[in-house]
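Data first, discussion second: the structure below is written as structure tokens.
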Amino acid sequence: GAVVSQHPSWVICKSGTSVKIECRSLDFQATTMFWYRQFPKQSLMLMATSNEGSKATYEQGVEKDKFLINHASLTLSTLTVTSAHPEDSSFYICSRSGRAPDTQYFGPGTRLTVL
Amino acid sequence: GENVEQHPSTLSVQEGDSAVIKCTYSDSASNYFPWYKQELGKRPQLIIDIRSNVGEKKDQRIAVTLNKTAKHFSLHITETQPEDSAVYFCAASRDGNKLVFGAGTILRVKS
């Protein structure tokens with residue numbers, strides 16, 4: 001069964017509003033979780049690495065003030081897209097490592113549409 | 001940083017035939033190479049992976065081979081079935097750090 005959940009599965013919002021996406025590790029305490037973005041017909045691009053109890057590590061070109069990541073517990077990481085614009089419309093997917101630290105299991109993704 | 005190239009971008013095979021997808025990586029220190037299958041609108045599912053201390057790994061109809069010298073690895077699917085149709089991604093990482101993905105291959109299995 002699924003080991004990572006995400007909520008919501010889809011969201012439509014108006015331009016300028018903020019949207020929060022939750023990622024939960026269901027069976028494993030995850031000190032590290034990852035956030036990816038996937039545009040239509042493209043590959044997964046890592047946005048940031050979420051570290052429990054400390055600041056997230058953002059990939060080059062990803063605005064940390066726009067994509068706020070909070071990893072307050074060992075089972076929950078959140079991504080908040082602030083002041084969303086139509087170009088932020090994408091499929092956002094989180095993942096966590098398994099008992100083998102290099103293995104990653106993905107959540108079901110959140111489809112964000114900004115009008 | 002790591003760069004992963006994947007070929008072909010699309011692959012059409014007849015049901016029952018084999019399919020091969022190839023990836024090359026740039027960082028010789030990479031030591032973990034997973035393959036993911038993603039159906040439309042769904043999450044990527046890990047289907048097989050290989051670590052750098054192994055040259056080949058097989059799981060039923062799926063196999064992965066790794067050539068560390070040439071820095072390339074391949075996914076082999078035998079006896080393809082229509083349900084194998086999906087997008088397949090290869091990836092590479094080093095020491096449990098971030099995964100770098102290939103661009104993906106759309107596999108179509110025609111019945």
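All figures in this text were calculated on a predicted structure; none of them were measured in a lab. The basis for the numbers below is simple: all heavy atoms, side chains too, and nothing from hydrogens, waters or symmetry mates. Convention: sequence-line order gives letters A, B, ...; per-chain numbering from 1.
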To the nearest 0.5 Å, what is the distance between OG1 on A:T103 and CZ on B:R51? 4.5 Å
Return the OG to CZ distance between A:S5 and B:R43, rounded to the nearest 0.5 Å. 8.5 Å
Looking at every non-hydrogen atom in both residues, tell me the closest pair between A:S43 and B:G102 and how far apart they are. OG-O, 2.6 Å
Greater than 12 external heavy atoms within 6.0 Å of B:K98's NZ: no
Is it true that atom CG of B:L40 has more than 12 heavy atoms of other residues, nucleotides or ligands lying nearer than 6.0 Å? no
Under 4.5 Å heavy-atom distance to chain A, tell me which part of B:L46 shows up: side chain, backbone, both or neither. side chain
Contacting region of A:I93 [heavy-atom separation from chain B under 4.5 Å]: side chain
Shortest non-hydrogen separation from A:D102 to B:Y32 and the atoms involved: O-CE2, 3.0 Å
B:W35, B:V100: one ILVMFWY side-chain cluster at the under-4.5 Å cut-off? yes
Against chain B, label A:Q38 side chain, backbone, both or neither, depending on which of its atoms sit under 4.5 Å from a heavy atom there. side chain
Should A:V4 and A:W35 be regarded as members of a common hydrophobic cluster, given that ILVMFWY residues are connected when their side-chain heavy atoms come within less than 4.5 Å of each other, either directly or indirectly? no
Within 6.0 Å of CD in B:Q60, more than 12 heavy atoms from elsewhere: no
So which of A:P40, A:S95, A:S97, A:G107 has the biggest tally of heavy-atom pairs under 4.5 Å with chain B? A:G107
Is it the case that atom CD in B:E79 sees more than 12 heavy atoms from other parts of the structure closer than 6.0 Å? no
Given A:E59, A:Q6, A:M45, the one with more heavy-atom pairs under 4.5 angstrom with chain B than any other is A:E59
Looking at A:T49, A:L44, A:T57, A:L46, which has the largest count of heavy-atom pairs under 4.5 Å with chain B? A:L44
Under 4.5 Å from any heavy atom of chain A - which part of B:F101: both
Taking everything shown except A:K66 itself, do over 12 heavy atoms lie less than 6.0 Å from its NZ? yes
Does A:Y105 have more than 12 heavy atoms from other residues, nucleotides or ligands lying within 6.0 Å of its OH? no
With a 4.5 angstrom heavy-atom cut-off, could you sort out which part of A:F91 is near chain B: side chain, backbone, both or neither? side chain
Select one option (side chain, backbone, both, neither) describing which atoms of A:Q42 are under 4.5 Å from chain B's heavy atoms. backbone
Using the rule that two of Ile, Leu, Val, Met, Phe, Trp, Tyr join whenever any of their side-chain heavy atoms come within less than 4.5 Å, decide whether B:L66 and B:V20 are in one cluster. no
For B:P44, is it the side chain, the backbone, both, or neither that has a heavy atom closer than 4.5 Å to a heavy atom of chain A? both
Is there a path of hydrophobic side-chain contacts, each under 4.5 Å between heavy atoms of I, L, V, M, F, W or Y residues, that connects A:V114 with A:V81? yes
Engaged part of B:Q38 at the chain A interface, taking heavy atoms whose separation is under 4.5 Å: side chain
Kindly determine whether A:Y36 and B:L99 satisfy side chain to side chain contact (heavy atoms under 4.5 Å, CB included), including the steps that lead there. CA-CA 10 Å; A:Y36 293 82; B:L99 283 173; 3.7 Å; yes
